[in-house]
Number of protein chains: 2
Amino acid sequence: MFSIGQLSRHASVKVPTIRYYEDMGLLAAAGRTEGNQRRYGAAQLEQLRFIKHARDLGFPLEAISALINLQDHPDRSCSEAKELAQAQLHTVRQKIKRLTALEAELKRIHDGCSGDGRSGDCYVLASLADHGFCTTDH
Amino acid sequence: MFSIGQLSRHASVKVPTIRYYEDMGLLAAAGRTEGNQRRYGAAQLEQLRFIKHARDLGFPLEAISALINLQDHPDRSCSEAKELAQAQLHTVRQKIKRLTALEAELKRIHDGCSGDGRSGDCYVLASLADHGFCTTDH
DNA sequence: CCTTGAACCTCTAGTCACTAGAGATACTAG
DNA sequence: CTAGTATCTCTAGTGACTAGAGGTTCAAGG
């Protein structure tokens, strides 16, 4: 049996976050001691690690909730799980695409400024003021 | 003179967002008609476009505020502007790095699942449950 | 058994950058 | 003058936590 602090250390998830997950219905409500403190078992540690791993991969809590639901029904088809993974992959790819364009633009803006001039002549500020300097969409 | 709606259309920034920027002190408070409606001039359109452009590049409002400050003091050195651009570039690169690792992991997880099995045997769910399947850090 | 101090409890509010909606007032075209 | 759109302020909600107040419980040492 773990206290919430021990669970926290074992799963690398902060204590208030564990309570938050419980509130959100992602983690089954823990049993309590006589003094009203939460006590957890191995199953809940596993569950929390699952959530943590999915969060680290960027899945929103709503998707994680759906994945947990599937876990609880091992006879259901896993097509939904695959779709959720695909959606997340798509989201990540979109973000990479956008950020890569931003990176190019920011590099150009940054490199165009010597850093020792007057801000009245600053290429950073001029670039931000006038979209015409840009070489990519964003 | 523009109404807030016209300003919104010219700068591609939503009306409530303009009011929010005013509240946050990023956009100078507009003059008002007798009936208390905001009226804007060309300078404010330019200012709003500056903010919009910086936001599109991912600068946080706080950094934008600092950049506006520099704009208003053309004789100050532009080193701060360069630093802010560099910080933003760094942030973007970090995000790309992390997302690229996630993409690889998600692709592996996604491709490992046929989508027509039972969720009890699903590779997506198994991967999320057990970090040991992973090939990168995250 | 008793004390001390860390860990725990609940609850509210704050973060960031908006977005949504209610209810009231102002402007503008016909 | 009227109808309909645009505007006003204010509050609350988003996602995924984080911080803090004020109080209670636990575990170890004496």
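Chain identifiers are assigned alphabetically (A, B, ...) following the order of the sequence lines, protein sequences preceding nucleic acid strands; residue numbering begins at 1 within each chain. In this text the structure is predicted, and so the values were computed from the model without any measurement.
Of the side-chain N and O atoms in Arg38(B), one or more sit less than 4.0 angstrom from OP1 or OP2 of dC8(D). The phosphate of dT10(C) (OP1 or OP2) has a side-chain N or O of Arg32(A) nearer than 4.0 angstrom. Using a 4.0 Å cut-off, no side-chain N or O of Tyr21(B) falls inside it from OP1 or OP2 of dA17(C). Phosphate proximity of dC27(C) to Thr33(B): present, with a side-chain N or O under 4.0 Å from OP1 or OP2. In this model, the phosphate group of dA16(D) is not approached by any side-chain N or O of Thr17(A) to a distance below 4.0 Å at OP1 or OP2. For dT7(D), the OP1/OP2 oxygens have a side-chain nitrogen or oxygen of Ser3(B) closer than 4.0 Å. Here Lys14(A) reaches the OP1 or OP2 of dT18(D): one of its side-chain N or O atoms lies under 4.0 Å away.
Taking atom CD on Glu34(B) and atom C1' on dA26(C), their separation rounds to 11 Å, with Å as the unit. Atom CZ in Phe2(B) sits roughly 17 Å away from atom C1' in dT7(D) (whole-Å rounding). Taking atom CE of residue Met24(B) and atom C1' of nucleotide dG14(C), one finds them 13 Å apart after rounding to whole Å. Distance Tyr40(A) OH to dC9(C) P: 7 Å, rounded to the nearest Å. Note: CD (Gln37(B)) to C1' (dT9(D)) measures 13 Å, nearest angstrom. Distance Glu22(B) CD to dT7(D) P: 14 Å, rounded to the nearest Å. At whole-Å resolution of the value, CD in Gln6(B) and P in dT7(D) are 7 Å apart. As a whole-Å value, the separation of Ile18(A) CD1 from dT10(C) C1' is 16 Å.
For Gln71(B) (side chain) and Leu125(A) (main-chain N/O), no donor-acceptor pair under 3.5 Å exists by modelled atom type. Between the side chain of Ser119(B) and the backbone N or O of His73(A), at least one donor-acceptor pair lies under 3.5 Å. When atom types are taken as modelled, the side chain of Ser65(B) and the backbone of Leu61(B) share no donor-acceptor pair closer than 3.5 angstrom.
Picking from dC9(C), dT7(D), dA16(D) the nucleotide with the shortest atom distance to the side chain of Arg19(B) gives dT7(D). Nearest to the side chain of Leu61(B), among dC26(D), dA17(C), dT7(D), sits dA17(C).
Taking every heavy atom of both residues into account, Phe50(B) and Leu128(A) meet most closely at CE1-CB, 3.4 Å.
Ion pairing between Glu105(B) and Arg108(B) holds under the 4.0 Å rule for side-chain N and carboxylate O.
In this structure, Phe59(B) reaches neither bases nor backbone, as no heavy-atom distance under 4.0 Å exists between it and the strands shown. Contacts of Arg55(B) with the nucleic acid, taken as non-hydrogen atoms under 4.0 Å apart, involve only primed sugar atoms and P, OP1 or OP2.
Between Gly35(B) and Glu62(B), the residue anchored nearer the 5' end of DNA chain C, judged by the nucleotide with its closest heavy atom, is Glu62(B).
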